[in-house]
J.: 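Quick one: this structure, given as C-alpha cells, is what I'll be asking you about.
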Amino acid sequence: MSISFSGTLAASAAQEASGLLTAPPASGTVISTSLGFVSSIVTSAAAAAVTSGAAGGGGGGGGGGGGKSSALAPEEESAMKAESRKFSHWLFLCLSAIAFIIIIYRGILLVSAHIRHLVCINDSTQTYWSIPAAPWLSKFKKDFILAPLFGLRHNEHFKIGSAGSAGIVPTRFQALFLLILFGGNIALTVGSIHWSKPSAVILSELRNRSGVLAVTNMVPLFVLAGRNNPLIPLLRISFDTYNLIHRWLGRIVVLEAIVHTVSHISNKGWDKYLVSVGKSQFIMTGTISTLAMIFLFIQSPSIIRHAFYETFLTLHILAAVAATVTLYYHLMLINNKWLVYVQVTIALWAAERFARLVSIIYRNCGRTMTRATITALSTEASRVTLDMPRPFKFRPGQYVFLYLPTVTGWQSHPFSVAWADESAPLVWDEKKEELPKNRQDVYGPQKTSVELIVRRRTGATNSIFQKAAAAPEGTVTVRALVEGPYGTHHSLCSYGTVVLFAGGVGITHQLPNVLELVQGYVDGTVATRKVTLIWVLQNPEHLQWVKRQMTSILAIERRREILKVVLFVTKPQQSREIMSPSSTVQMFPGKPNIEQVLQAEAEERVGTMAVSVCGPGAMSDDVRYAVRRLVDYVNIDFIEEAFSW
Ligand SMILES: Cc1cc2nc3c(=O)[nH]c(=O)nc-3n(C[C@H](O)[C@H](O)[C@H](O)COP(=O)(O)OP(=O)(O)OC[C@H]3O[C@@H](n4cnc5c(N)ncnc54)[C@H](O)[C@@H]3O)c2cc1C
C-alpha cells in the first residue's frame, strides 16, 4: 500500500484527531518520490499541529494517546491528558523501582560472595559458610526464588503432540513480577477513569490512557529484546529471563493497542471509522500499527517460535518495524508529545543493532578475517574451530553468535564458548599427540582460536554438519563471523564446593567453569576445594566432542585434589564400554539419581555449595528440585543455563 501525504490529508488527520471529521475530505495529491514523501510528512505534521492546535482551542498540538474527542470540554481534555501523563510516569517509576530493588539485591549477593571469597580462600574447612544463614532465607529461596509456580516443572517445556512446545511454567518469583507488571498496567489503564460519565467520555479516556501506556511500554519492550541489553551485566540476569519479560510486555502492549483502537471505533461508530481509515493518514497509520501488533501477538506463541524459529524471527522483526514506523507517523501527524517515546525506542533499537555491527567488525576484521574449520564428528555434532584475527577474552558461561554466510546464509545462532585462546588445547600438537609441557606453553603467546561444539538439530546446525560431512576427511574451512561474547558470568570462585551438571552438549557450558576452578585452585586464587562434574551423555562416543579439552584439564597438576568427573552413559552399546579409569574419573550406565548424587555431595561438602546445570529441561528441573530439598540445612545456590529461549 502506498502512503500519500498532502497538506489536505494532514488537515484531515488533525480533524480526525480532533474528532471533527464529519465528511470525507477531498483527496490529496499522491507524492511519489521519496524526497517528496519525506518533505510532505514534515509539512503534514506542521499542518496537522497547527490545525490540531486550532481545533483544540490553541493548545499547541495534541498531547494525548489518541488525539482529541468532541465528547470532552477543553479543560476536561487537558485534565485527561495530565492524568495520562501522570500514569505514564508512574509506570516508568514502578519499572525503575523494581530494577533498583533488583540492583540492591544483586549488589548484596555480590558483596557477600566477595567477602566469602576473601575469607575462604585460605580456609580449607569453611564450616561457618556451609550452613544456611537464617531459616527464613532458606524458606524464601526454596519456596519463592527457586520454586516453579506450580508442580515441579520450570525449564522443561510442555509438549503439544510429539514436538510442539506450549511454553514453560515461570518460577514463583517470575510469576509475581509478571503479575505486578500485568496488574499494574491494568490498574493504570482503568484507574481514575470517570466511569459515571457518558460512555463517549469513558471511551475517550480509555483510548487516551491505553495509547499512552502502550507507547510507554514500548521503551522497555525494545530494550529487553536486545542482545546488548545493559541490564544483563548490571543486574546479572540472563537474556533468557529478559526474553520472558519481553514476551509478556509485548502481550501487554498489544492488549493496550487493542483497547486504544476499540475505544476509538466504539466512540466513532464502525461506518465512520471505515470511511476515516481510507481518508485519514492519522487513522490509517494507527490502524496498521495495531494490526501489525496483533500479527506479532499471533505469530509468537512458543509452539510457533520453536517449530519455525528463523521464519518467526524474520516476520517478528518485519512486523515490529511496521508497527513502530506506522506508530511514529500516527503520532507525528498530530504532533503528539508521546512521539518522543517512539523516537527513544527507535534510537535504542538502532544503537543495539549498531553495537552488534561494531562487535562483528571488531571481532572479525583485522589483518586476516575470521575463518571456521568445521569438523563433522561421528556423533551427530560438529566441532567449529574459529581462527580469529584478535585475541578473544571470555568468561565461563559466555556464548557467541556464529554466522557462517556460505553455509547458513545470514542466520546467526548462539553457541557456548567451549574453549578459547588461553586454553591448553590450542597448543595441543595433533601429530605428536602432545600436551603443553609448561605454563609458558599454555599462557605464552596469546592465541585467537575459539572452539564451539555444535549439536546437530534440524536447521542451520544440520547444514553445518552436512557441509563438513560432505567434505574430504569430514573437515571444511569457511568464512565466519562471530558476535559477542554475551551472557552473564556467575563466578563460582567463592564457593567451597561446586557441583556441575551437564546433559549432552551442555558440557560446553561447564568445561570453562571446570578449567577456571581447577586452575584457580592450583594458583591459590579461589575458595573452591571440591569440584564434581556430572555429565550425562547418550553414548561413550560423545566423549569425542570434548576429548582434547578434557585431556588438558585432567593433565593439570594437582587436579586430583579437587576434581572428580562422573559420567553417566544412558544408551551404551555394550557394557564393556563403561569403564572407570580412576577413582576421580568414573563412568556408570544409565541415568543418575540426581537427588541421591546431590545428597552425597552435600554430606561431604566444604563451605557454601554451588550447583550449576546446563542440559535438557527435565534434567534441569530434577536438579532444581534436588537443590530445593537441601536448602533447609545446606548453604546452597542454584544456577541454571538453558540452551533455548
Ligand atoms: C545461550 C545458548 C547457548 C547455546 N550453546 C550451544 C552449544 O554450545 N552447542 C549447541 O549445540 N547448541 C547450543 N545452543 C543451542 C543452539 O543455539 C540451537 O540448537 C541452534 O540454534 C539450533 O539451530 P537450528 O537452526 O539447527 O535449529 P532447529 O532445528 O530449527 O530448532 C531447534 C531448536 O533450536 C531453537 N533455535 C533455533 N534457532 C535458534 C536461535 N537462533 N537462537 C536460539 N534458539 C534457536 C529452536 O527454537 C528450536 O527449539 C545454545 C543456545 C543458547 C540459547
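Computed from a prediction, not measured in an experiment: that's the story for all the values here.
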J.: Please check if the side chain of H509 supplies one atom and the backbone of C614 the other of a donor-acceptor pair under 3.5 Å.
T.: no

J.: Quick one: pull up CD1 in I98 and CG in L181 and give me the separation to the nearest 0.5 Å.
T.: 7.0 Å

J.: State, with a plain yes or no, whether a side-chain heavy atom of C94 is found less than 4.5 Å away from one of H89.
T.: no

J.: Do you know the tightest heavy-atom contact between Y273 and H264?
T.: CD1-CD2, 3.9 Å

J.: Give the C-alpha distance, both sets of side-chain angles, the deciding distance and a yes or no for ring pair (Phe, Tyr, Trp, His ring centres under 6.0 Å) between Y625 and F638.
T.: CA-CA 10 Å; Y625 177 67; F638 175 69; over 10 Å; no

J.: How close do S289 and L327 get, counting heavy atoms only, and between which atoms?
T.: OG-CB, 3.5 Å

J.: Heavy atoms, side chains only, cut-off 4.5 Å: are F222 and L348 in contact?
T.: no

J.: Side chains of S238 and T241, heavy atoms from C-beta outward: is any pair under 4.5 Å?
T.: yes

J.: Cationic tip of R209 within the cone over F87's six-membered ring, i.e. under 6.0 Å and within 45° of the normal?
T.: yes

J.: If you count the non-hydrogen atoms of other residues, nucleotides and ligands that lie under 6.0 Å from CZ in F312, is the total more than 12?
T.: yes

J.: Answer yes or no: is there a donor N or O on one side and an acceptor on the other, between the side chain of H330 and the main chain of F282, under 3.5 Å?
T.: yes

J.: Counting only heavy atoms not in R236 (residues, nucleotides, ligands), do more than 12 fall under 6.0 Å from its CZ?
T.: no

J.: Is there a donor-acceptor contact under 3.5 Å from the side chain of R363 to the main chain of G484?
T.: yes

J.: Any side-chain to backbone donor/acceptor pair from R172 onto I145? Under 3.5 Å, distance only.
T.: no

J.: So how far is it from S612 OG to Y495 OH, rounded to the nearest 0.5 Å?
T.: 10.5 Å

J.: Between D637 and T608, is any side-chain donor less than 3.5 angstrom from a side-chain acceptor?
T.: no

J.: Measure across N208 and S84 and return the closest heavy-atom pair with its distance rounded to 0.1 Å.
T.: OD1-OG, 2.6 Å

J.: Checking side-chain polar atoms at under 3.5 Å, does S210 have a donor or acceptor matched by the opposite partner on T189?
T.: no

J.: For the residue pair H316 and S300, establish whether any side-chain heavy-atom pair is separated by less than 4.5 Å.
T.: yes

J.: Which atoms form the tightest heavy-atom contact between E352 and N228, and what is the distance?
T.: OE2-N, 2.9 Å

J.: Write down the atom of D240, the atom of S644, and the distance for their closest heavy-atom approach.
T.: OD1-O, 3.4 Å

J.: Under the 3.5 angstrom rule, does the side chain of E256 hit a backbone N or O of A214 as a donor-acceptor pair?
T.: yes

J.: Stepwise, does the side chain to side chain contact (heavy atoms under 4.5 Å, CB included) test hold for L224 with N229?
T.: CA-CA 6 Å; L224 300 189; N229 172 1; 3.7 Å; yes

J.: Quick one, V325 and Y329 - any side-chain contact, counting heavy atoms below 4.5 Å?
T.: yes

J.: Does the N217 side chain pair with the main chain of V253, one donor and one acceptor, at a distance under 3.5 Å?
T.: no

J.: Determine, step by step, whether Q343 and V340 satisfy the side chain to side chain contact (heavy atoms under 4.5 Å, CB included) criterion, reporting the C-alpha distance in whole Å, the side-chain angles of both residues, the deciding distance to 0.1 Å, and the verdict.
T.: CA-CA 5 Å; Q343 287 165 337; V340 71; 4.0 Å; yes

J.: Please examine the side chains of K337 and R85, heavy atoms only from C-beta on, and report whether any two atoms are closer than 4.5 Å.
T.: yes

J.: Just how far is it from atom OG of S78 to atom CD of E75, taken to the nearest 0.5 Å?
T.: 7.0 Å

J.: For F239 and Y486: C-alpha separation, side-chain torsions, deciding distance, then whether ring pair (Phe, Tyr, Trp, His ring centres under 6.0 Å) applies.
T.: CA-CA 9 Å; F239 177 79; Y486 292 111; 8.4 Å; no

J.: Would you sort out whether M80 and S192 count as a side chain to side chain contact (heavy atoms under 4.5 Å, CB included), showing the intermediate values?
T.: CA-CA 10 Å; M80 173 182 77; S192 81; over 6 Å; no

J.: With a 3.5 Å distance limit and no angle check, can you tell me whether R106 reaches the backbone of L235 through a side-chain donor-acceptor pair?
T.: yes

J.: Please report the closest heavy-atom contact between L206 and I193, naming both atoms and the distance.
T.: N-CD1, 4.0 Å

J.: Using a 6.0 Å cut-off, check whether atom CZ of F308 has over 12 heavy atoms from anything other than its own residue.
T.: no

J.: For Q398 and R395, indicate whether the former's side chain and the latter's backbone hold a donor-acceptor pair under 3.5 Å.
T.: yes

J.: I'd like to know if D632 pairs up with K139 as an ion pair, taking the criterion as any Lys NZ or Arg NE/NH1/NH2 lying under 4.0 Å from an Asp or Glu carboxylate oxygen.
T.: no

J.: Measure the shortest side-chain to side-chain distance between E310 and H413 over non-hydrogen atoms and say whether it is less than 4.5 angstrom.
T.: yes

J.: Measuring from atom CG of L146 to atom CD1 of I636, what distance do you get when rounded to the nearest 0.5 angstrom?
T.: 9.0 Å

J.: Does a salt bridge link E640 with R624, judged by any charged N lying under 4.0 Å from a carboxylate O?
T.: yes

J.: What I'd like to find out is whether the side chain of W195 reaches to under 4.5 Å of the side chain of V190, using heavy atoms alone.
T.: yes

J.: Is it true that the side chains of S412 and R227 contain a donor and an acceptor less than 3.5 Å apart?
T.: yes

J.: Using a strict 4.0 Å threshold on nitrogen-to-oxygen distance, state whether E205 and K197 make a salt bridge.
T.: no

J.: Look at the side chain of N267 and the backbone N and O of A200, then say whether any donor-acceptor pair between them is shorter than 3.5 Å.
T.: yes

J.: When you measure from the side chain of D621 to the backbone of H154, do you find a donor-acceptor pair of N or O atoms at a distance under 3.5 Å?
T.: yes

J.: Going by the angle between their ring planes, with limits at 30° and 60°, are Y399 and F401 parallel, tilted or perpendicular?
T.: perpendicular

J.: Is the cationic atom of R251 (NZ for Lys, CZ for Arg) positioned less than 6.0 Å from the six-membered ring centroid of F297 and within 45 degrees of its normal?
T.: no

J.: Does the pair K81 and K86 meet the rule for a side chain to side chain contact (heavy atoms under 4.5 Å, CB included), with working shown?
T.: CA-CA 8 Å; K81 286 175 185 167; K86 195 172 76 187; over 6 Å; no

J.: Output the distance between atom OG (S302) and atom CZ (R247), rounded to the nearest 0.5 Å.
T.: 7.0 Å

J.: Once you round to the nearest 0.5 Å, how far does CD1 of I245 lie from CG of L221?
T.: 11.5 Å

J.: For F140 and F144: C-alpha separation, side-chain torsions, deciding distance, then whether ring pair (Phe, Tyr, Trp, His ring centres under 6.0 Å) applies.
T.: CA-CA 5 Å; F140 179 70; F144 184 62; 5.3 Å; yes

